[in-house]
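Worksheet: one structure, shown below.
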Protein chains: 2
Amino acid sequence: MQFASTVNNAEKTSRKVHDDQIYDQMFAAILQQRLTPGTKLSEDTLGEIFGVSRTVIRKILQRLAYEKVVQILPNRGAFVAEPSAEEAREVLYARRVVEAAIMRLAVKSHSKEDLKTLERNLEAEAKTIEAGQHSDWVALSGNFHLLLAEIASNRTLADYLRELVSRTSLIHIQYQSNKIANQSCSCDEHADIIEAIRERDEDKAVALMERHIEEIEKSLNLDGRGAASDLYEIFGASGGVQG
Amino acid sequence: MQFASTVNNAEKTSRKVHDDQIYDQMFAAILQQRLTPGTKLSEDTLGEIFGVSRTVIRKILQRLAYEKVVQILPNRGAFVAEPSAEEAREVLYARRVVEAAIMRLAVKSHSKEDLKTLERNLEAEAKTIEAGQHSDWVALSGNFHLLLAEIASNRTLADYLRELVSRTSLIHIQYQSNKIANQSCSCDEHADIIEAIRERDEDKAVALMERHIEEIEKSLNLDGRGAASDLYEIFGASGGVQG
DNA sequence: TCTTGATTTATTGTATACAATAGAGATACT
DNA sequence: AGTATCTCTATTGTATACAATAAATCAAGA
């Protein structure tokens, strides 16, 4: 599966590409939940796995840290990020803002070809839902938003959105509530958005998108204590365990 | 002069701080136009200047590159960025979007103390204009916007704005037109914005901010050929020089 | 004289060696 | 037994050595 704009800049020198391949693998591993929040990312280990020295691993970790997907603690090393509930709310607010702007641009400037691309993505989403391939669906769902950013053709906003989408994936992992029911709704919401774009109804498309992101936020469990304190819920609110 | 949030994360290990000091110096040098767009940033030279190895310089250059203040060309090295006219328009559009959102938050959540901070900054701006200290004014003017981001207390948006403001400084250097007259107006525009915030008139404050950023864009010379082709203007549109 | 090509040189890219730090574990003491 | 301190070890942070690349210089030919 190939998604939009995984690699950004990179004039294609054979060496640079190698770096980006490792980056892509780590990035994908985190978003597909094969690396879960809090996991230690040892430089030596990663170096051995990918057959490169710590030098190049460190560079990649710093990039991931800048994108807030990884957290680097001085003298302690790198860990898969564990976004707080507050950070989650910030990210979703930022997404509402950025995606509304992208939507206005996309509605104005989209071509028929763009609509087809969106529809192809939508079909793929539907298939993964039917097949119950959850992590594939998460990726495709994020990709829908990134496609819109590409259509809007504002590189700056697109870069921000890419960052926000990947952070949202991490947030989903940490704060997914049991009522995942309305995640399948999201597919319909995407369909409605495509329709509004086709009609070139800017305000409607923006409203739908804002509502869509609100739904995402609602589907999260941001109110209780954070994931770190979940032990209280897990073991019930009662007193001692050994007593 | 100390500006808002130059250093972001940095748990204060003595070593980490050292890195950030070098980063701050380079960042400031670029924004104060002591390093102009296109300047080569040699790793060896910078290492000698700051008394560290290339390792740490490379890390800093990569961070600056991620912030789009520096451009890294594979096997060629790092250069102070030379934003294109298209990039300039993108950045200013992104600013309009991000700052409108920040403004809504700031209007809602500001304290009296915040208003005083903004007014102190405004006074400092006025002084630098009187004294004709142009580069100081540019810095303070940018700082006004960063203060608003702090008041809004959405770290994600604040980080984006910080990046956008520094890129705007570079854009100003490359595309400043001769009609710098309305730059002094900006000070008044800031004053109006503070007033709207005090009145807690959200829509008015947002409208003023959007207009303010449009003014900034208007004051730039984005329509003609880019800075690279400026030689044509400089030597006139005529034919040969030697003939 | 201008262009084309090979050679040299300067600079970046990567690996590795060494230094500094933090955490784990052991030991001594209360 | 529990706590505090010390030592040791594993890992990160930094410097440096070496490899690879690109551009600058120089030479040769048209």
Side-chain angles (χ1 to χ4, degrees), chain A residues 7-26 35 38-66 69-82 228 240 242-243, chain B residues 7-26 30 35 38-82 228 240-243:
Chain A
V7 170
N8 292 337
N9 34 13
E11 315 207 349
K12 273 144 196 169
T13 311
S14 58
R15 182 160 300 153
K16 245 289 185 186
V17 167
H18 190 216
D19 281 21
D20 284 326
Q21 282 172 349
I22 297 173
Y23 165 84
D24 283 340
Q25 284 193 55
M26 292 184 59
L35 285 171
T39 305
K40 175 73 188 291
L41 300 171
S42 156
E43 297 178 358
D44 268 328
T45 309
L46 289 169
E48 278 180 28
I49 290 171
F50 292 110
V52 294
S53 77
R54 284 174 52 215
T55 309
V56 43
I57 295 293
R58 280 175 75 83
K59 186 165 70 177
I60 292 168
L61 287 174
Q62 277 157 23
R63 180 171 166 197
L64 290 166
Y66 200 96
V69 172
V70 153
Q71 182 185 22
I72 293 180
L73 301 177
N75 287 314
R76 303 262 330 270
F79 303 82
V80 179
E82 303 175 278
Q242 296 179 342
Chain B
V7 170
N8 292 337
N9 35 12
E11 314 206 350
K12 271 142 196 169
T13 312
S14 58
R15 183 162 298 154
K16 244 291 182 183
V17 166
H18 189 217
D19 281 22
D20 285 327
Q21 283 172 348
I22 297 173
Y23 165 84
D24 282 341
Q25 286 192 53
M26 292 184 59
I30 292 173
L35 284 171
T39 304
K40 174 73 186 290
L41 300 171
S42 155
E43 297 177 358
D44 268 328
T45 310
L46 289 169
E48 279 182 28
I49 290 171
F50 292 109
V52 293
S53 77
R54 285 174 51 215
T55 308
V56 44
I57 296 293
R58 279 175 76 83
K59 185 165 69 176
I60 293 167
L61 287 174
Q62 276 157 22
R63 180 172 166 196
L64 290 167
Y66 201 95
E67 294 173 348
K68 303 278 173 68
V69 171
V70 153
Q71 183 186 21
I72 293 181
L73 301 177
N75 287 314
R76 303 262 332 267
F79 303 82
V80 179
E82 303 175 278
V241 175
Q242 296 179 343

Subject >> Euclidean distance, B/T55 OG1 relative to B/I60 CD1, rounded to 0.5 Å >> reply: 11.0 Å
Original post:
How far does CD1 of B/I22 sit from CD1 of B/I57, to the nearest 0.5 angstrom?
Top reply: 5.5 Å
Original post:
How far does CG of B/D44 sit from OG of B/S53, to the nearest 0.5 angstrom?
Top reply: 10.0 Å
Give me, pair by pair, the N or O atoms of the protein and of nucleotides 15-19 of chain C that are less than 3.5 Å apart, along with how far apart they are.
unit_1	atom_1	unit_2	atom_2	d
C/dA15	OP2	A/S53	N	2.9
C/dA15	OP2	A/S53	OG	2.7
C/dA15	N7	A/T55	OG1	2.6

**OP:** Would you tell me if any nitrogen or oxygen in the side chain of B/R76 comes within less than 4.0 Å of OP1 or OP2 on D/dA23?
**Re:** yes
Original post:
When the distance from CG of A/D44 to C1' of D/dA10 is rounded to whole Å, what number comes out?
Top reply: 9 Å
Original post:
For the pair made of CG in B/D19 and P in D/dT12, what is the distance, rounded to whole Å?
Top reply: 17 Å
**OP:** Could you tell me whether B/R58 contacts a base, only the sugar-phosphate backbone, or nothing, with contacts defined as non-hydrogen atoms closer than 4.0 Å?
**Re:** base
Original post:
Any side-chain heavy atom of B/M26 within less than 4.5 Å of one from B/V70?
Top reply: no
Original post:
B/E48 has an atom CD; how far is it from atom P of D/dT14, in whole Å?
Top reply: 19 Å
Original post:
Roughly, in whole Å, what's the span from CD1 in A/I60 to P in C/dG13?
Top reply: 14 Å
Subject >> Between P of D/dT12 and CD of A/Q71, the distance in whole Å >> reply: 14 Å
Original post:
B/Y23 versus B/K59: any side-chain heavy-atom pair under 4.5 Å?
Top reply: no
Subject >> C/dG13 phosphate, OP1 or OP2, under 4.0 Å from A/K59 side-chain N/O >> reply: no
Subject >> Rounded interatomic separation in angstrom, taking CG from B/L41 and C1' from C/dT12 >> reply: 14 Å
Original post:
Quick one: are A/Q62 and B/R63 in side-chain contact, heavy atoms under 4.5 Å?
Top reply: no
**OP:** Calculate the interatomic distance between B/L73 atom CG and C/dT11 atom P; express it in whole Å.
**Re:** 16 Å
**OP:** Evaluate the side-chain proximity of A/L41 to A/L35: yes if any heavy-atom separation is below 4.5 Å, no if none is.
**Re:** yes
**OP:** State whether B/K40 places a side-chain N or O below 4.0 Å from either non-bridging phosphate oxygen (OP1 or OP2) of C/dT12.
**Re:** yes
Original post:
In whole Å, what is the span from the CZ atom of B/F79 to the C1' atom of D/dA23?
Top reply: 11 Å
